[in-house]
Structure formats: C-alpha cells, structure tokens
Number of protein chains: 10
Amino acid sequence: MTPILSKQAAADLVVAARIRRGLSWAKLAEEIDAPVVWATAALLGQHPMTKEQATRVCALLELDASVVESLQLQPSRGTDPAPMADPTIYRFTEALAVYGPALKALIHEEFGDGIMSAINFRVDISRRPDPEGDRVVVTFDGKFLDYKW
Amino acid sequence: MTPILSKQAAADLVVAARIRRGLSWAKLAEEIDAPVVWATAALLGQHPMTKEQATRVCALLELDASVVESLQLQPSRGTDPAPMADPTIYRFTEALAVYGPALKALIHEEFGDGIMSAINFRVDISRRPDPEGDRVVVTFDGKFLDYKW
Amino acid sequence: MTPILSKQAAADLVVAARIRRGLSWAKLAEEIDAPVVWATAALLGQHPMTKEQATRVCALLELDASVVESLQLQPSRGTDPAPMADPTIYRFTEALAVYGPALKALIHEEFGDGIMSAINFRVDISRRPDPEGDRVVVTFDGKFLDYKW
Amino acid sequence: MTPILSKQAAADLVVAARIRRGLSWAKLAEEIDAPVVWATAALLGQHPMTKEQATRVCALLELDASVVESLQLQPSRGTDPAPMADPTIYRFTEALAVYGPALKALIHEEFGDGIMSAINFRVDISRRPDPEGDRVVVTFDGKFLDYKW
Amino acid sequence: MTPILSKQAAADLVVAARIRRGLSWAKLAEEIDAPVVWATAALLGQHPMTKEQATRVCALLELDASVVESLQLQPSRGTDPAPMADPTIYRFTEALAVYGPALKALIHEEFGDGIMSAINFRVDISRRPDPEGDRVVVTFDGKFLDYKW
Amino acid sequence: MTPILSKQAAADLVVAARIRRGLSWAKLAEEIDAPVVWATAALLGQHPMTKEQATRVCALLELDASVVESLQLQPSRGTDPAPMADPTIYRFTEALAVYGPALKALIHEEFGDGIMSAINFRVDISRRPDPEGDRVVVTFDGKFLDYKW
Amino acid sequence: MTPILSKQAAADLVVAARIRRGLSWAKLAEEIDAPVVWATAALLGQHPMTKEQATRVCALLELDASVVESLQLQPSRGTDPAPMADPTIYRFTEALAVYGPALKALIHEEFGDGIMSAINFRVDISRRPDPEGDRVVVTFDGKFLDYKW
Amino acid sequence: MTPILSKQAAADLVVAARIRRGLSWAKLAEEIDAPVVWATAALLGQHPMTKEQATRVCALLELDASVVESLQLQPSRGTDPAPMADPTIYRFTEALAVYGPALKALIHEEFGDGIMSAINFRVDISRRPDPEGDRVVVTFDGKFLDYKW
Amino acid sequence: MTPILSKQAAADLVVAARIRRGLSWAKLAEEIDAPVVWATAALLGQHPMTKEQATRVCALLELDASVVESLQLQPSRGTDPAPMADPTIYRFTEALAVYGPALKALIHEEFGDGIMSAINFRVDISRRPDPEGDRVVVTFDGKFLDYKW
Amino acid sequence: MTPILSKQAAADLVVAARIRRGLSWAKLAEEIDAPVVWATAALLGQHPMTKEQATRVCALLELDASVVESLQLQPSRGTDPAPMADPTIYRFTEALAVYGPALKALIHEEFGDGIMSAINFRVDISRRPDPEGDRVVVTFDGKFLDYKW
C-alpha cells in the first residue's frame, strides 16, 4: 500500500505536463467541460474532480493513474502564506484590506445581516480591452446567506 | 493647535450620523456624485476626499469642520486584523486562499507576467436576483500591469 | 454628534447591570423571547438586536438610550485572542484541534464536498444530569452547504 | 531498529486503503465496535487504539504490521494551522469566535466556575433532514469540572 | 450605570494598598482563610472570590465597594505575553520546554492516556533551606483525568 | 564522515525500542541509576548523557553505536510549538498562565528580587492516591537566585 | 513635572500645522536648511533635531515649546506594522522581497563580505519625467562596511 | 513525467556553477544582454527568463536542460523570512522602517495620492568612490501610479 | 486609594526631568552610588530601587513621592518588541543571531553543560578610543551555572 | 553539477568530525590562526572562510572537498528561532530585554546619536575565576557609527 499522491505533487505534475505539451488552462477546462477558474483551481488541488474529469484531463496530459487518483481526493483547501505574498496574488489581498470594510457595510445595507457565501460561489476572470491598457476583471459571485438561527 | 481628527474617529462620527439621520451609503455617495464603493471606503477612511466632497457630505450629515478636515487627509490605508476576521469580510479572504493561485495562473496565461493593479482599480458590488436566493456580485476591475524593467 | 457607544462598552454595561440587578442570561433571553445562546451572544456584541429587543432588554436592565442604540448596531464579529485562551473557552478550541479533521472527514462522507454553515446556524447548550458528574452538552446545528459553482 | 511509523504516515496509509477498498469511516468504526467520531479521530492519529482494534482495522484495510504498531502509539494530539484553515473546519473555529464568550457566560451561569472537560468528552455528528436543506448536527458533550482547589 | 471595575484595575488597587499598608500576601490569604497561592491569584484577577472573602480583604486593605464588586466577578483567565516573559515567570516556561515531553511520557506510563487536570488542581510554593542556597519548591497537584468517551 | 544522528532521530529509536522490548521509562532510568524525569528527558534529547549512561541504556535497548554517540551530544534544548499544544503538556502551560503572576509575587515576597533557577533544578513526578481519583503531583525544585550585580 | 510630548504626538501636531498653514515638507526642510527626506523623517519622529532646527521649524508652524522639546528628543526608531502595510510603503517592501537576495549577491560581488550601512546613509527622492508617465526615483546611498573583526 | 525543477533548486545549481566556473553575475548578465540586477534576480528565481536567455546562460554555466526549463517558469515571487534577516538585506528593511513614512509623505506631496509601481520598476546598484569609504548606491525607479477609479 | 504610578510612567518622568535639568545618567548613578548600567536600567523600570536610592534620585530630579514609590516597585522585566527593533538596540540582537550558537558551543567547551546566568550578572559599557573610530565596548559578565539536578 | 553543500550540512559534518577526533574549537581556531569566536561562528556557517582556512581546517578534521567548498561560501547570516530559545543562548536575549534600553541610553549619552556596529565588530569570551563560582565574560566590541547623512 502506498499513500495517495498528495494534491501538491499532483499539481506539480499537471503544471509540468501542461507546459511541456503546450496546453493552456483554458484547453484543459474545455476538455472537461468546466469553467476555467474552477478547473484551474481543481487541477492546482483546491477541488475534488470526478473520476471522469480526472481521467480525461490526465489522458490529455499523458499523466498516469496516480495523478488520476489524487485529483479525485477531497482536498484540505487553502494556500500557504509564502505564495499568498506573490505580488500577483497580493494585490487582491491589498484590495480587501482597503475595500473590505466598505464591502461589508454595503452588503449589510443591501441585504441585511449576513454574508456572501464562499461555498455557493463562483469566480470568473476576463480581459476587458481598454485604450489606456487592458484590464483584468474578476467577478466574485456568491449567494447571500443571512444570519439565521 | 490640535491634531487633525483621526480617520477612525471621523469614520465613527460618520457612521453615527448616518444611522441617526437614516441615510444610506448610497445616498451619501449620490450626494458627492461618486461610485458607492469608493464613497463608502473614503468615508470609512481609506481614500482622501476633495474639500468639496467632504464639505457636502458633512453638511448632509450635520458634522462639523473637524470631520471635513479629517476626510481630506491622506490616509494610511489598510485594516486591522480583528475586523478582517469578521465573517462577512473573511469569506473574501477565504475565496482568495482557494482561488488565488488559480487567478494568478490565469492572469499569466491571458496577459503574461504581471499583475492586476490595485491602484488603477475599481470595485463594484451589486445584487443579482436568483430564484434560489439572491446573490452578491463583487467585481474587481484593475488595469493589467506587466513586469517591465 | 457623538460616536455610537461601542459594542464592547455596551456589553460591559449590560454585564454590570445584569449582576447588580441579579438577572440571569436566561431571564434576559426570555424577556425578548429569544434563544438563550443567541441572546447572550447578542448582548455581548456578536449580533445586532432589533429596536424592540434592545429597548425591552435595556428597560429591564435600566440602561439608557445609548445602550439601546449600540445593541442595534451591526457588529464586526469575533473575539480577541486573549479571551479565547480562557480555559472555559479554550477547551472548545482544543476539542476542534483533536476532532476537527475527523469531523471534516465525516461531513464529507455523509454529505459530500461542502461545509456546515456557521451563518444558517444555531447553538444550544444544556445540562445533562449524570451520576458521575453532570455534563455540558453543546450542540452546533448548521445547514449543510455543498460546494456549488 | 527502525522508528515507529509516524501517526501521520499511518493515517495517510489508512486514507489510501480506505478509498481504494471503498470502505466508509462508519464501516471501519463498526469493525472495531467504536463510536464513529472516536474511530475516525483515532485512525487519523488523535487517539491510541488497543492492539485488538488496530489489528482488526488493519486486517480489513489490508495494511501491514507497521500500521498496526503505529495506531497503538500514544499520540501527541493536535492539528497544524494549515488544515485548521480549511473551510469545513474553519466554520467551527468561526462559530467559537462568535459564540465562545456566550458559551462561557452560560456555563458559568448554569454550573458555576468551571469548564466543560475536553477529556471526559465525546463528540457526535449526525444529519438532520430539513426541508430547507439538511443540517449537520455536531454535539460536544463533556463532563463539567468545577474549579476546585 | 457604570461598568464593573476591571479585574486588572482592581488588582492594581490591591497591589497599591498592600504595599502602602505593609501587608503580605500571606497575611491577606490568612484573613480569608484561603491557601496563599489561591488567594494571591484571586487578588490578581484569576479567580472569583465570594462576597465574604472580597469584603474582608477589602476591609483589611481599606478598599472601597467597587473593588469588592470586581473581586467577585467571574474572570477571563490568563496572562498577557509581556508579563509571561518576565524572567521570574519565564523560568517555569523554560522548564516546561525542557521537561514537558518527559512529563507527558511519564504521565502516560504511570496513569495511561490522559492528563493532569488544571481545574481540579492546586499549586503550593515553599522555601526549602539548603546549605548551597535555599530552594523554591513549587508543587503542581492535579487530578488525573483519563481520556474517556 | 557522516553527521551525528540527530537527538530527535535518536529519541525516535529509543521510543521504538522501548515499546518493542516492553521496557518502562522507570526501568531505563534505573539501569543508569538516574532520576526518572531526568533520564526520560535525556533520552528524549534534552540532556547529554555520559558515555557510560548512553552505552548501558543502548545495550538494554539493543540500539547501535550511532545512538550511543547521539545521546552524548550537547543538546539545543526546547520543544517545538506543536507538541507543546498537546493537551497533556498544555495543562501545565495553562496553569502557568493562571498562576504565573501569583508565583512571581510570592517568590518576591519570600525571597526578595530574583528567580527560581531552571538550571540548578529538578523535577519530580509522582502519583498520589485519592479516593476521588488519583492525582498527578509534579514538583519543581530550583535554587533561588537573587538578582545580584 | 510632565513627561515630554511623545514623538508621535509631536508629529501629529506638525502634520496638522503643516496642512492648516499650507506649508510643504520641502518648505519646512528649506527653513532648517536640511535635505528634504531627512527633515521629513525627523519631523515624523525618526531623527533628533538640534535645538535651533526645532525652534525654527516650530516658529514657522506656530507650534509651542512642548513640540520644540519633543523634536530634540532621541527617538526610538522604527514604524509599526500597520502603517508599513499601506500600499505606498508596501511597494518598497515588496521590491525588497523580490530584489533583496539579488542586491545581497551583487554587494558581495562588488565589495566583498559586508553591508550597505543604514546609519552612514542618505535617501533621496525625485521625480523623473517620462512620456509614459513620470517616475518616482528613490536612491539609497550608504557607506559600504566590510565585515571586519 | 517529472515535475519541473523548482526555482530554488535551479538557483542552487546556478550558484554552484557560477562559483566553480569563476563567473561573475555581471558576466552572466552580459551574456544575455540584460541589466545585472534583473539578471541576478531572474537567476535566483524571481523572474521568468525567455527560452533564449535561459539557453544561453545555461550553456555558459554548462547546466543541463532541466535548469533551462526551470528558469523559464513563471515564479511565485518573494523571499522567506530567514534570508530577509541576513544583515546585508536587513539594512534595507531597517531603512524602510526609518524612512518609509517620510517617503510616503513626499510621494504624496510631489505626485498626489498614489504609489511608486514595483512592477513597472527597475533597480540599479553601483559603487560610488568616496575618500571616507566607498558607497553602495541603490536606485529604485518606478512609475508613479495615481489612485484612479 | 490610587494605583501606584506605573514603571513606564515613572521612567517617562525621570527622562523628562533628566533632560530638563541637564543631568547625565552617569550623574544620577553617582548620586546613588550605583553602577551606571544598573542605575539606568533601574530608572527605566527594570530593577527595583531601595527607598533610599529612589528618594535621593527623585530629590535630585525634583520628582514627587509618586515617582519615589514607583521606583521601589518590583518590576515585571522585559521590553516590548517595538523598542527592541530600534537600530541601536537591534545591533545587539543581530550579533546574537550571528554569534549565539558559537557562544553556546564555547561556553560548553570551557565550562561544560550550563549557562551564563542573567541574574547573577552585570553589564558594563565603555568607550575605547581607536584611531579608526572609537569603539563601544559592552561586557556581559555572568556566573556560570552548570545544569545540576 | 551538484549544488554546493549547504552551510548547515557542512557545520553538521564539522561538529561530527570535531567530536570524533577529539578536537576543541580552540584547537581548530589555532590551526587557522583566527580568534576563537570568529572561527567557531565561521565553522558553524556564519562567516565565509578563505580557501586556505577552509583547506587547513578540513585537513585537520579529515573532511572532504565538498566541505572545503561550502566553508568558503558567502553565508546568509542568522539563526532560526528554535535554537535561539535554547537556555544557554536565551540568557543573552533576556539580558538584552532587560538592559537594551539602558545600553541605548548610555550609548547616546556617551557617543551621541548612533549605534555600535555589528559589522566592524568582535566578540570575545573568557572565563574569570571567582571564589563564588567562575564567571562567563563576553565582550561585544563594535565601532561606534554616528547617524550621518
């Protein structure tokens, strides 16, 4: 008996295969007919895939059964502090430090006491052309959950 | 000579006046003709207001000159750890812990090596009706900045 | 204009009045016809009360309008690290450190990928007589939320 | 002489065998005639098993003697910070941050000065059907211990 | 209505009165017929006193009713990090860092799986004459609690 | 040339051999004619042993020369945070958080300005029978050192 | 006797006076004939001023003798974590996280084993016009100190 | 399939080859016709190289294809806390702790509300001869970005 | 009854009086016939003074009885993290980070297993003229304490 | 190509060889004609050695060329938190927490605004016989550097 390949080890192999075979994240997502942010997060270890999804994406990437098995594993979600400090990710954290209390105030004004779910939730990212420089547009879309006893 | 009223003290007075006079954040934003997330963040101490903006909003809130002065002050931006742990704000942090590395991967795939600016940046929040429960939709929209020597 | 009395200051006054007038938390909860854990948490600053609830409980406690106002305020939820280290609270934290991964495994086994909501949620506490020493029984009861895109 | 297989390594092998053989945590618990939360926690490394328990569960999982030995080891209990931040576990931590001081107040009101034991203690988890969505019900049940010199 | 004097503020007044009136901790403990470590800890804010104890000790110290009230308050137990780093206290922490795992191993060897209670617990301190320099002898004496489901 | 086996690796082998050969910590201590807490701490890596002690204990445990060498090494003393959070060890930490300032006050009252040495120091542990449940009695016994320039 | 006005309190008064009187940092620096970064840092509490400097700048700002006294005080240098997280300051920290090891490698290559002094040190800031957007140019200029026994 | 050699492992090999072959960082930068700070940072893992850059530098260093591949990888930027505490790097951190607030004040005075970009950014280092000891001159040069909604 | 003036408040008054009356630390130490480092530390709150010492130094500084009382108080020793990061203090910390393990190795080589006492301990500071720049010479002189059971 | 042996790995081999060959740190220092604290620190990885020093010391210790190479490497200086908590090292840290502010005050009084260099710096350790117990005497001797723009 060997342990299941860790989510991190599987993600490292996915990344290596993706680069060496010249496949985009979008192409991988398309292969399993899933939204691209969801698929990328799942391949990086944040969501469990179904057996079919894991099998198809590993076939495309020519990865073996140990990766197929690992991708189906229930993850322990989250990211270590070091990669969260990478500038591309940190800008989101900084935006929350600046706008978090305002978003909280406006959620309460519009919806009452409660939260935006991070579980019944989706994220989209797109490119918006702009003459002064194209823009990254990221949409967080979560069900409102009111504090309910 | 007295020090300028701190941004936090000014925000506390804005919050008190807003509640006692029954004014919404949206109404305050409208008064100064500014986007509602920007205006809320500014009133909570994260952006400097112009003299005109500060004067008009304090007139509406019946707040005195010390608040008008404070709202124009250049802030030191950011939020203490305790309020960042409030569940309504924490869900955004959690979403970043789950989706941050995926967003980074997709920004690099689409735009190359760089970041979404958090300075040339806007945030919008809206309510999207949904039969299974209305949704909070928050859009981060920042200019792409490529690593450029 | 004065700031609204902080939730902590209001809670300190509630605690003082409760002790001096010899009223139990259960009695306060009953006065506003609310579950006792909810009412206690609200009076300690973790939930906003309705105007009616705040008014009734302050009448009973003979507290003035500034407390009535504060109790209705939307809170920033959470507890500082120091009181979380108090032994009576720490035992719950310790239990999570011991049983948290097991609870996660069993939630996934029974419900699939998702969480117990901490928002659509209630907590009850009761005393269960036991010949070897009575027991504290605390029930966490939250809606299951499945990860749903 | 080789060191005893670590509790973590044993747990990784238990998890792998459990998944590959299609066995539920409930089935494993039943095999050793133990409560399911206790058994899951023990298999994940938080409690020592008896020789008989370890032998039976490893026979079912087809794991070798090194796992049998490890499962009997006295553990150093607790969980690292990273898995505690997983959303499924974090919701319990958040609930304590919101309700911890209220639970403390109510334990003191009902029982006097003391704590709920986390040692003379059991945890149960069950599913409660609900038309608005089934609920996760977790019960912490610990002996009251009064501060006693 | 004023808040109850905080435990820290009460302790500061006890310390001031004790020094100014030239009373030892032992004398204060004797006055309330309590063990000296318990009494000192209680006066420093770590245990609630009975009304009678608080009244008698405050009479001796000539402290007013606000201190009497505070000393009866249920405490949030624990000590901030700064005073824990004081050398006189730190030596105990260092001893635990050196001997903690050995004590755990020996508790398990002698008693089985469980802990020394810190609730059903007493501490004594005494001076033991020694020709090479007198010794501080501190005894921790807690009921063994076995892990019991 | 190979590095000396680390203290942790040696301790892991000692623990494995001790369990597999059915030897108690007390028996190991007796073999080297040393106090049991000292011997256990030394075998777990917190004290250097003499060559003779290391040789005799390894003979009994049937451990090879690399362990004999490691046990004589001067240690870097202390324990990582994770094992310090184990409940059996944590109760000592909690007791210090509750009684530390009182012990400091009483040491100063009895001895003057100074500390209990953690170097000229011994720890004993014993079981005290008690009809309400046997007790763990741990004695810290250190030379008083006065602040002396 | 009153304590000396703290450096922070003095800085708050300097900032208030500077804004209300419409004086630039450059103007204040010029008044005392000092480099602008040095003068700004000194007025914000990071360097002691001479009596003459403090007197002249307070005359210009119409601040009283308590500020003159405070500005001459030897500071405890450094900045709290919260203002260091402000985006305008954080970008420097981020640049060090990205380029720090490279700067270290190049200092050693060019100068040998040693450091750039932060004491025999000056900082300049200037604006460099650029058709694609003006640039902030900050120069750190410190004496090389070689590790020298 | 093997994972891509990590950036850290590639940097370790670059450092070893550079020393063993007696090549300076300046020489490596020259080989790929890039600024020396950029090239050093890239070789240490902070920037992705183009295929041509990676190929040329590895040819010079006689490193194999796995390093060529790794050097092209998109990095997760940043440096662990331990190397940031090295004295040669720490002096920059200390300078920011002393001058950070002053730089922020002067950026706002000269440019208005905004930041120096750390992305559209370059760093140069040079040696400036000085009779009292040569100086390390480091220039941070980033585009000003104004807060812009 | 008022609390005793805190050690920090007393130190702030000592510092103010010392500067305003133009007295050196050396002069204050001489007044009480004590070593200058000891006296400075005591006046800054790290050692209790005798009544005579406190009375004499306060007479010289023209400080009132509340300071005399505070200076005699048993301190809780230590320094907050912020002042420890001041460059003048930090250099000592850095030296320990570089030389600490070497000092430990050499203490063990020369003295055996034990420590330099920080209690039976004195510190001296002096200026040593040197043509290349005068030197700060700080001597730590503590009794060796061997680990002794 | 293999990476250079890390400083830590080289130090572990030096320590092993030193013990097995019965050589003192003093002997190793003498072999390379260097001060003993410097040599010990260098061998433990805190200073680069010259080729000649590394060659001679490795010849004496019978260590191979990989250690010779590693000892010449430019280090990243500093020590992890765990070994800094070892009691023999911690006493120095504690002494700084008690005397740091006093040393700062006295450096400023004697030398003006500046620091003791930790770069142009030496440390010596010696044994001073004393009838009450020999003493460890550690001297920090660093060039004074005045804050100089």
Side-chain angles (χ1 to χ4, degrees), chain G residues 24-26 36-38 40-41 43-44 46-47 77-79 83-84 86-111 114-118 120-121 123 125-128 130 132-145, chain H residues 24-26 36-38 40-41 43-44 46-47 77-79 83-84 86-111 114-118 120-121 123 125-128 130 132-145:
Chain G
S24 67
W25 293 107
V36 70
V37 181
W38 185 92
T40 307
L43 290 165
L44 292 175
Q46 299 290 335
H47 290 303
R77 291 176 167 99
T79 304
M84 291 303 285
D86 169 84
T88 308
I89 300 183
Y90 181 78
R91 291 305 178 276
F92 290 89
T93 299
E94 184 178 289
L96 286 188
V98 173
Y99 295 105
L103 291 171
K104 173 177 164 71
L106 293 167
I107 287 173
H108 296 321
E109 176 157 309
E110 175 62 27
F111 293 89
I115 66 161
M116 173 195 74
S117 178
N120 188 325
F121 180 71
V123 198
I125 184 170
S126 63
R127 180 185 199 122
R128 192 158 57 68
D130 186 299
E132 293 183 26
D134 287 2
R135 299 182 74 86
V136 182
V137 180
V138 174
T139 307
F140 284 11
D141 172 344
K143 186 179 175 184
F144 177 72
L145 305 180
Chain H
S24 67
W25 293 107
V36 71
V37 181
W38 185 92
T40 306
L43 290 165
L44 293 175
Q46 298 289 337
H47 290 303
R77 289 176 169 97
T79 304
M84 291 303 285
D86 169 85
T88 309
I89 301 184
Y90 181 78
R91 290 306 176 278
F92 290 89
T93 300
E94 184 178 290
L96 286 188
V98 173
Y99 296 105
L103 291 171
K104 173 177 164 70
L106 293 167
I107 287 172
H108 296 322
E109 175 158 309
E110 174 63 27
F111 293 89
I115 67 162
M116 173 195 73
S117 179
N120 189 322
F121 180 71
V123 197
I125 183 170
S126 63
R127 180 186 199 119
R128 192 156 57 69
D130 187 298
E132 294 183 27
D134 288 2
R135 299 182 73 86
V136 182
V137 179
V138 174
T139 308
F140 284 11
D141 172 344
K143 186 180 175 184
F144 177 73
L145 304 179

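In what follows, every heavy atom counts, from backbone to side chain, and hydrogens, waters and symmetry copies are set aside. Bear in mind the structure is a predicted one, so any value in this text is a computation, not a measurement.
Side-chain N or O atoms of G:K143 include none that pairs as donor or acceptor with a backbone N or O of H:D130 at under 3.5 Å. Panel note: side chain G:E94, backbone H:A118; no donor-acceptor pair is recorded below 3.5 Å.
Taking the six-membered ring where tryptophan is involved, the planes of H:F92 and G:F140 are essentially parallel, since the angle between them stays under 30° and well short of 60°.
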For this session: Given side-chain contact (heavy atoms from CB on, under 4.5 Å), test H:L96 with G:M84 step by step and report yes or no.
Result: CA-CA 9 Å; H:L96 286 188; G:M84 291 303 285; 4.1 Å; yes

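Of the listed residues (H:A41, H:P101, H:G114), the one with the most heavy-atom contacts under 4.5 Å to chain G is H:P101. Between chain G and the residues H:L44, H:V98, H:V36, the largest count of heavy-atom pairs under 4.5 Å involves H:V98. Ranked by heavy-atom pairs shorter than 4.5 Å toward chain H, the options G:V136, G:V37, G:T79 are led by G:V136. Taking chain H as the reference chain and counting heavy-atom pairs below 4.5 Å, the highest number among G:G78, G:A95, G:G142 is found for G:G142. Contact count against chain G (heavy-atom pairs under 4.5 Å) is highest for H:V137 among H:L43, H:V137, H:T93. For the set G:W38, G:F121, G:Y90, G:W25, the count of heavy-atom pairs under 4.5 angstrom toward chain H peaks at G:W25. Listed options H:A97, H:A102, H:S24 were ranked by heavy-atom pairs under 4.5 angstrom with chain G; first place goes to H:A97.
The parts of G:E110 that come within reach of chain H are both its backbone and its side chain, each placing non-hydrogen atoms under 4.5 angstrom from that chain. At a 4.5 Å heavy-atom cutoff, the contact between H:P87 and chain G is made by backbone and side-chain atoms alike. For a residue to count as touching a neighbouring chain, one of its non-hydrogen atoms must lie under 4.5 Å from one of that chain's; by this rule G:D86 touches chain H with the side chain only.
With sequence neighbours excluded, the residues satisfying side-chain hydrogen bond (donor to acceptor under 3.5 Å, both in side chains) with G:R77 are G:H47, J:D113. For H:D134, the side-chain hydrogen bond (donor to acceptor under 3.5 Å, both in side chains) criterion is met by H:R127, not counting sequence neighbours.
A distance of 8.0 Å separates CZ of G:R91 from CG of H:L145, quoted to the nearest 0.5 Å. For the atom pair CG of G:L106 and OG of H:S126, the computed distance is 11.5 Å after rounding to the nearest 0.5 Å. Rounding to the nearest 0.5 Å gives a distance of 10.0 Å between CZ of H:F111 and CZ of G:R135.
H:I107 pairs in a side-chain contact (heavy atoms from CB on, under 4.5 Å) with only one of the listed residues (G:T88, G:I89, G:V138), which is G:T88.
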